[in-house]
Amino acid sequence: MTMDEQVQLYKEDLALLPDKDAKMEYILDFGKEAGTLEPQYKTDENIIKGCSSLAWLHKAYDKGKILLEAEGDSIIAKGMLVMLLGIFHDRTPDEILAFDPNKLKEMGVMELLSPVRQQGLEAFLNVIYGYAKACKGE
């Protein structure tokens with residue numbers, strides 16, 4: 001599934017839900033099922049600076065793909081991270097760099113997030129795009 005297809009899937013799921021509360025519950029459900037990050041990856045270097053809650057992002061580059069693992073300390077952060085990893089995990093740097101992050105707005109989650117949480121999402125994207133550029137050697 002491409003990044004665009006994953007965004008479309010989330011968008012279609014969210015469109016089926018009747019109101020903001022149901023849409024937020026959709027995100028929270030992802031958070032309830034989120035995995036945990038290995039303790040050795042919960043380092044200051046992996047903290048996503050700018051998130052309203054504590055969140056870590058472990059990045060690796062293997063066989064031409066960017067591999068991501070993440071964990072947040074709030075249920076909303078966990079849910080958003082699961083969704084974002086669904087889009088960005090196991091992609092090439094070129095795929096990530098070619099993806100327009102504005103498409104995330106089309107999913108219908110931005111209006112559910114407080115301005116501070118939107119800043120956290122932006123911080124996540126800055127880390128991902130910066131890492132993709134570094135892996136590509138830009």
Side-chain angles (χ1 to χ4, degrees):
M1 182 177 297
T2 69
M3 295 174 79
D4 287 337
E5 289 169 342
Q6 185 64 56
V7 168
Q8 186 62 31
L9 182 66
Y10 288 144
K11 181 180 175 180
E12 289 169 4
D13 286 351
L14 287 162
L16 295 172
L17 302 171
D19 56 32
K20 286 185 176 187
D21 289 339
K23 291 177 184 190
M24 186 55 78
E25 191 62 37
Y26 175 84
I27 295 170
L28 296 177
D29 284 345
F30 279 119
K32 292 173 188 170
E33 298 177 16
T36 57
L37 197 58
E38 294 292 326
Q40 71 262 27
Y41 298 132
K42 290 184 177 180
T43 63
D44 288 344
E45 180 183 307
N46 286 341
I47 289 175
I48 303 171
K49 293 159 185 66
C51 282
S52 61
S53 55
L54 202 50
W56 298 269
L57 178 64
H58 172 65
K59 308 167 296 301
Y61 187 58
D62 187 43
K63 298 177 184 160
K65 299 277 185 117
I66 293 176
L67 308 175
L68 305 168
E69 297 176 274
E71 184 179 344
D73 70 348
S74 78
I75 194 84
I76 294 173
K78 286 179 184 183
M80 284 302 301
L81 287 167
V82 168
M83 292 178 76
L84 291 166
L85 292 183
I87 298 166
F88 289 94
H89 171 69
D90 201 23
R91 307 290 181 181
T92 67
D94 285 335
E95 284 177 286
I96 290 172
L97 294 172
F99 179 77
D100 181 358
N102 288 316
K103 291 181 180 179
L104 297 177
K105 294 177 184 172
E106 297 171 11
M107 284 189 339
V109 296
M110 294 301 277
E111 59 270 12
L112 303 173
L113 302 176
S114 68
V116 174
R117 293 211 183 273
Q118 289 179 22
Q119 289 174 348
L121 174 59
E122 199 167 307
F124 172 91
L125 293 172
N126 286 338
V127 171
I128 294 296
Y129 282 88
Y131 189 69
K133 286 179 183 176
C135 290
K136 194 172 172 176
E138 290 184 6

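Sequence positions, counted from 1, serve as the residue numbers for this chain.
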- Query: How many angstroms lie between atom CG of L85 and atom CD1 of I128, to the nearest 0.5 angstrom?
  - Reply: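 With rounding to 0.5 Å, CG (L85) is 7.5 Å from CD1 (I128).
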
Any side-chain to backbone donor/acceptor pair from [X] onto [Y]? Under 3.5 Å, distance only.
X	Y	value
Q6	M3	no
E69	L37	no
E122	Q119	no

Indicate, with yes or no, if [Y] and [X] share a hydrophobic cluster defined by side-chain heavy-atom contacts under 4.5 Å among Ile, Leu, Val, Met, Phe, Trp and Tyr.
X	Y	result
L14	M110	yes
M83	L9	no
L125	V116	no
L28	M80	yes

- Message: Before you tell me yes or no, could you show the steps for K32 and D29 under salt bridge (Lys or Arg N to Asp or Glu O under 4.0 Å), namely the whole-Å CA-CA distance, both residues' side-chain angles and the distance that decides it to 0.1 Å?
- Response: CA-CA 5 Å; K32 292 173 188 170; D29 284 345; 3.7 Å; yes

- On a heavy-atom basis, the closest approach of G72 and L81 is N-CD1, 3.6 Å

- Closest heavy-atom pair, A77 versus S53, reported as atoms and distance to 0.1 Å, is CB-OG, 3.3 Å

- Item | Aromatic contact, F88 with F99 (centres under 6.0 Å) | yes

- Note on the structure: Taken in chain and number order and not counting sequence neighbours, the residues that satisfy salt bridge (Lys or Arg N to Asp or Glu O under 4.0 Å) with K42 are E71

- Message: Filter on ring-ring contact (aromatic ring centres under 6.0 Å, His included), then keep only pairs touching residues 42-83, sequence neighbours left out; what's left?
- Response: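 Non-adjacent pairs meeting ring-ring contact (aromatic ring centres under 6.0 Å, His included): Y41-H58.
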
- Message: Taking ring pair (Phe, Tyr, Trp, His ring centres under 6.0 Å) as the definition, give me every residue that meets it alongside F30, ordered by chain and number, with sequence neighbours left out.
- Response: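 Ring pair (Phe, Tyr, Trp, His ring centres under 6.0 Å) check on F30 returns Y10, Y26.
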
